[in-house]
**Student:** 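Handing you a structure now.
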Amino acid sequence: MKVYKYGANVDTDVIIPARHLNDPSPAALASHCMEDIDAEFASTVQPGDIIVAGPNFGCGSSREHAPLAIKSCGVKCVIAPSFARIFYRNAINIGFPIVECPQAAEEIQPGDEVDVDFSTGIITDSTQGKTWQAAPFPPFIEGIIKSGGLLNSLKERGVAK
Amino acid sequence: MGMTMTQKILAKHAGLDKVEVGQLIEAKLDLVLGNDITTPVAITEFEKAGFTQVFDKDKIAIVLDHYTPCKDIKSAQLCKQAREFAHKHNITNFFDVGQMGVEHALLPEKGLCAPGEIIVGADSHTCTYGALGAFSTGIGSTDMAAGMATGLLWFKVPAAIKVTLKGKLQPHVSGKDVILHLIGEIGVDGALYQSLEFAGEGVSSLTMDDRFTISNMAIEAGGKNGIFPVDEKTMEYINGRVNRPCEAFQADPDAEYVREVVIDLDKLEPTVAMPHLPENTKVVSEVAGLPINQVVIGSCTNGRIQDLRIAAAIMKGKKVADNVRCVVIPATQEIVLQAMKEGLIQDFIEAGAAVSTPTCGPCLGGHMGVMAEGERTVSTTNRNFVGRMGHVTSEVILASPAVAAASAIAGCVADPRTLS
């Protein structure tokens, strides 16, 4: 699937500007996703496409609207060397895959055909004929992802009414 | 190996004697916070998951502060959703227009944050309460929903950076200059996944308002939290506000830090962060004279009484420059009243500034000072990302209240030390 590539410190204000936070519906968020960094993104992104970016992806505001906006566009995952910690939590909590892999994030080029196998953590760039191994999640976090997000995992554990 | 302040608080709340860096723990929460943007998303997730009860109606705070008093119909709908949820679950600490203030100024003022507590908030600047020796950090809406339902949340125990403060701040230099300088030193991801632990003899000279400002922007260095040791000033602040037992945690002498940053307060100069990252710092004299269109004084970073006193002292008896719009936003109702008593509101209005009821408004480009194409604001807020306060080509320069006030009078970026 096609790759959109961005630089370091992509902040949540450019992922989904605050002027659009007054409507948190997935469709509305998707229609403004990445608007202030890439005006073409929302109109050209296809389900299964991948975002590749520099370090500290998702820095800034705690707005869960940011991973929600990206997920609602049908983006398969974000690959970056590192993620801002609240974005990292939010993505896992809503069951949206993020992949930490500095080498892949550096070498993958915009427009490359890339796929990620989440069960093995292997990233394949068929344009360049390269593969990379992403760092695995700790078992606790993998459990949240497998449950489909934090709230489902809490329900499975029966810890809330 | 010993533990840091943060690690001790996390261990205590996880029921453990000891925790180690990188360990995943589940900790009990003392307070779960949300605002009018993040709470509605949390409520939707809470209800979608089929939860019917909150874990403790006294340990949830909902503050309608971002787009309030409501700027449009969509924001009003979000507030309505939060208001109905708060009433349905009988949430004790629900703050609506008239009582609300900017959340991170409001909660300490109301005694809802105390040393040794764990406070999580669906707002990234929840790290503010580290000023009181609490562990506090920003989370998202799903975390908020989980916190409201269970009173528990998972955390990865962070490694720490020790920030040693030496000396004493000089006139016209305040907490904002300390934190901007630190972010400039370590970068916007310099403390990623880590805690900032403030220490050193310089801490005692900082006022509580300085400390709130410093902890508030720990997130702008990527930090999980920014925590201060508890001293007489902390106890004086919470005295009369906090009526429950609380515990001051001290770092062990052999606590481990991944690095130490030393800041000499004596030598610190008024500092600004240029567009479009908080790490783009410069000493204000390097950029003095740069034309501006607007000045904003307020926010969870710098809307407290000390900030208003500093700004009013500079603006009193002078006039805001013709080319500049100056908006002053006291952060809470208590601060508004205090500023009125001290005559500060009159000083601002006579100088030609607009004074607003508490709101986060312009900080996130919401309302009350949104910028047009190509405009530039000197702001005491916390972020200067692309499009943060308005049009995608507008610019934000982050500064202290002293620099902001001096700039409003001068009509350009100005050094408060050179203003006659």
Side-chain angles (χ1 to χ4, degrees), chain A residues 8-15 17-25 28-29 35-37 39 54-68 81-95 138-141 143-144 149-155 157 159-161, chain B residues 24 37-38 40-42 44-46 48-53 55 66-67 71-75 77-78 121-126 137-146 149-150 152 154 156 158 187-189 192-193 219-220 222-224 277 279 364-366 370 383 385-388 390 392:
Chain A
N9 305 312
V10 172
D11 63 77
T12 54
D13 274 281
V14 295
I15 296 172
R19 60 184 175 274
H20 303 305
L21 298 183
N22 57 1
D23 184 353
S25 66
L29 294 175
E35 192 172 272
D36 283 359
I37 192 173
N56 202 26
F57 186 88
C59 64
S61 149
S62 70
R63 62 190 71 158
E64 199 162 291
H65 310 66
L68 266 175
S82 63
F83 292 85
R85 58 161 287 276
I86 307 178
F87 185 94
Y88 181 97
R89 286 186 78 96
N90 287 345
I92 287 165
N93 287 344
I94 66 168
F140 172 80
I141 290 176
I144 294 175
L150 180 64
L151 299 187
N152 284 338
S153 77
L154 291 176
K155 272 173 29 186
R157 288 168 54 198
V159 290
K161 290 173 188 170
Chain B
L24 286 159
I37 290 178
T38 57
V41 177
T44 302
E45 293 304 311
F46 182 95
K48 204 163 75 185
F51 298 146
T52 55
Q53 290 178 31
F55 85 107
H66 274 60
Y67 286 160
K71 74 182 184 84
D72 57 19
I73 295 168
K74 286 177 176 173
S75 323
Q77 290 296 132
L78 294 180
D123 187 281
S124 60
H125 294 105
T126 302
T137 192
I139 53 168
S141 293
T142 296
D143 272 326
M144 184 191 177
T150 65
L152 297 166
W154 66 272
K156 189 159 93 173
V188 291
D189 62 351
L192 190 58
Y193 305 128
I219 177 72
E220 261 55 70
K224 187 179 198 121
L277 277 179
E279 70 183 22
L364 71 162
V370 176
R383 292 200 171 116
F385 299 146
V386 169
R388 172 73 180 181
V392 70

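As the structure is a prediction and not an experimental result, all values here were calculated from the model. Numbers restart at 1 for each chain; the letters A, B, ... are given by sequence-line order, proteins then strands.
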**Student:** Identify which part of A/Ile37 has an atom lying under 4.5 Å from any heavy atom of chain B, answering side chain, backbone, both or neither.
**Tutor:**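 Neither part.
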**Student:** Identify which of A/Ile141, A/Asn9, A/Ile144, A/Asn93 forms the greatest number of heavy-atom pairs closer than 4.5 Å to chain B.
**Tutor:**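 Winner by heavy-atom pair count: A/Asn93.
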**Student:** Measure distances from B/Leu277 to the heavy atoms of chain A and classify the residue's part below 4.5 Å as side chain, backbone, both or neither.
**Tutor:**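 Side chain only.
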**Student:** Excluding sequence neighbours, so at least two apart, what forms salt bridge (charged side-chain N to carboxylate O under 4.0 Å, His left out) with A/Arg85?
**Tutor:**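 In terms of salt bridge (charged side-chain N to carboxylate O under 4.0 Å, His left out), with neighbours along the sequence ignored, A/Arg85 is linked to no residue.
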**Student:** Specify which of B/Ile219, B/Thr137, B/Leu152 makes the most heavy-atom pairs with chain A at under 4.5 Å.
**Tutor:**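 Among B/Ile219, B/Thr137, B/Leu152, the one with the most close pairs to chain A is B/Thr137.
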**Student:** Counting heavy-atom pairs under 4.5 Å with chain B, which one of A/Ala66, A/Pro138, A/Gly60 comes out on top?
**Tutor:**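 Of A/Ala66, A/Pro138, A/Gly60, A/Gly60 has the most heavy-atom pairs under 4.5 Å with chain B.
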**Student:** If you count heavy-atom pairs within less than 4.5 Å of chain B, which of A/Thr12, A/Leu21, A/Asn152, A/Val14 leads?
**Tutor:**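 If we count pairs closer than 4.5 Å to chain B, A/Leu21 comes out on top.
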**Student:** Mind checking whether B/Trp154 and A/Leu150 have side chains closer than 4.5 Å, heavy atoms only?
**Tutor:**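 In contact.
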**Student:** Let me know if B/Lys71 has heavy atoms under 4.5 Å from chain A in its side chain, its backbone, both or neither.
**Tutor:**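 Contact with chain A: side chain only.
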**Student:** For B/Val41, is it the side chain, the backbone, both or neither that has a heavy atom under 4.5 Å from a heavy atom of chain A?
**Tutor:**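 For B/Val41, side-chain heavy atoms alone lie under 4.5 Å from chain A.
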**Student:** Quick one: of A/Ala8, A/Ala18, A/Cys59, who has the most non-hydrogen atom pairs under 4.5 Å with chain B?
**Tutor:**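 With the most close heavy-atom pairs to chain B, the winner is A/Ala18.
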**Student:** Would you call A/Ser61 and B/Asp123 a side-chain contact if the rule is heavy atoms closer than 4.5 Å?
**Tutor:**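 Sidechains of B/Asp123 and A/Ser61: no contact.
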**Student:** Please flag which part of A/Asp36 lies under 4.5 Å from any non-hydrogen atom of chain B: side chain, backbone, both or neither.
**Tutor:**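 Contact with chain B involves both backbone and side-chain atoms of A/Asp36.
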**Student:** Please flag which part of B/Ile139 lies under 4.5 Å from any non-hydrogen atom of chain A: side chain, backbone, both or neither.
**Tutor:**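 Contact with chain A is through both the backbone and side chain of B/Ile139.
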**Student:** Side chain from CB out, backbone as N, CA, C, O: work out which of these in A/Pro17 comes under 4.5 Å of a heavy atom of chain B, or both, or neither.
**Tutor:**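 Looking at A/Pro17, nothing touches chain B.
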**Student:** At a heavy-atom distance under 4.5 Å, which candidate from B/Ala146, B/Gly223, B/Gly390 has the highest pair count against chain A?
**Tutor:**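 Option with the top pair count is B/Ala146.
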**Student:** Less than 4.0 Å between a side-chain N and a carboxylate O, is that true for A/Glu35 and A/Arg19?
**Tutor:**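 Counted as a salt bridge, because a side-chain N and a carboxylate O are separated by less than 4.0 Å.
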**Student:** Inspect the contact between B/Arg383 and A/Asp13 and indicate whether a charged nitrogen and a carboxylate oxygen are less than 4.0 angstrom apart.
**Tutor:**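 No, this pair does not count.
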**Student:** Please tell me if the side chains of B/Phe51 and B/Thr150 come closer than 4.5 Å, counting only heavy atoms from C-beta onward.
**Tutor:**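 SC-SC contact between B/Phe51 and B/Thr150 ruled out.
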**Student:** Can you say whether B/Ile37 sits under 4.5 Å from chain A via the side chain, the backbone, both, or neither, judging by heavy atoms?
**Tutor:**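 Both backbone and side chain.
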**Student:** Whether the B/Glu45 and B/Ser141 side chains hold a donor-acceptor pair (N or O, under 3.5 Å, no angle test) is what I'd like checked.
**Tutor:**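 Absent: no donor and acceptor within the cut-off.
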**Student:** Who pairs with B/Glu279 by salt bridge (charged side-chain N to carboxylate O under 4.0 Å, His left out), at least two apart in sequence or on another chain?
**Tutor:**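 None.
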**Student:** Can you tell me which portion of B/Leu364 sits under 4.5 Å from chain A's heavy atoms? Options are side chain, backbone, both or neither.
**Tutor:**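 Looking at B/Leu364, backbone and side chain both touch chain A.
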**Student:** Considering only heavy atoms from C-beta outward, does the side chain of A/Arg89 approach that of A/Glu64 to under 4.5 Å?
**Tutor:**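 Sidechains of A/Glu64 and A/Arg89: no contact.
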**Student:** Side chain, backbone, both or neither: which part of A/Tyr88 has a non-hydrogen atom closer than 4.5 Å to chain B?
**Tutor:**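 For A/Tyr88, the side chain is the part near chain B, not the backbone.
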**Student:** Under a 3.5 Å threshold, yes or no: a donor from one side chain and an acceptor from the other, between B/Ser75 and B/Asp72?
**Tutor:**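 B/Ser75 vs B/Asp72: donor-acceptor pair found between side chains.
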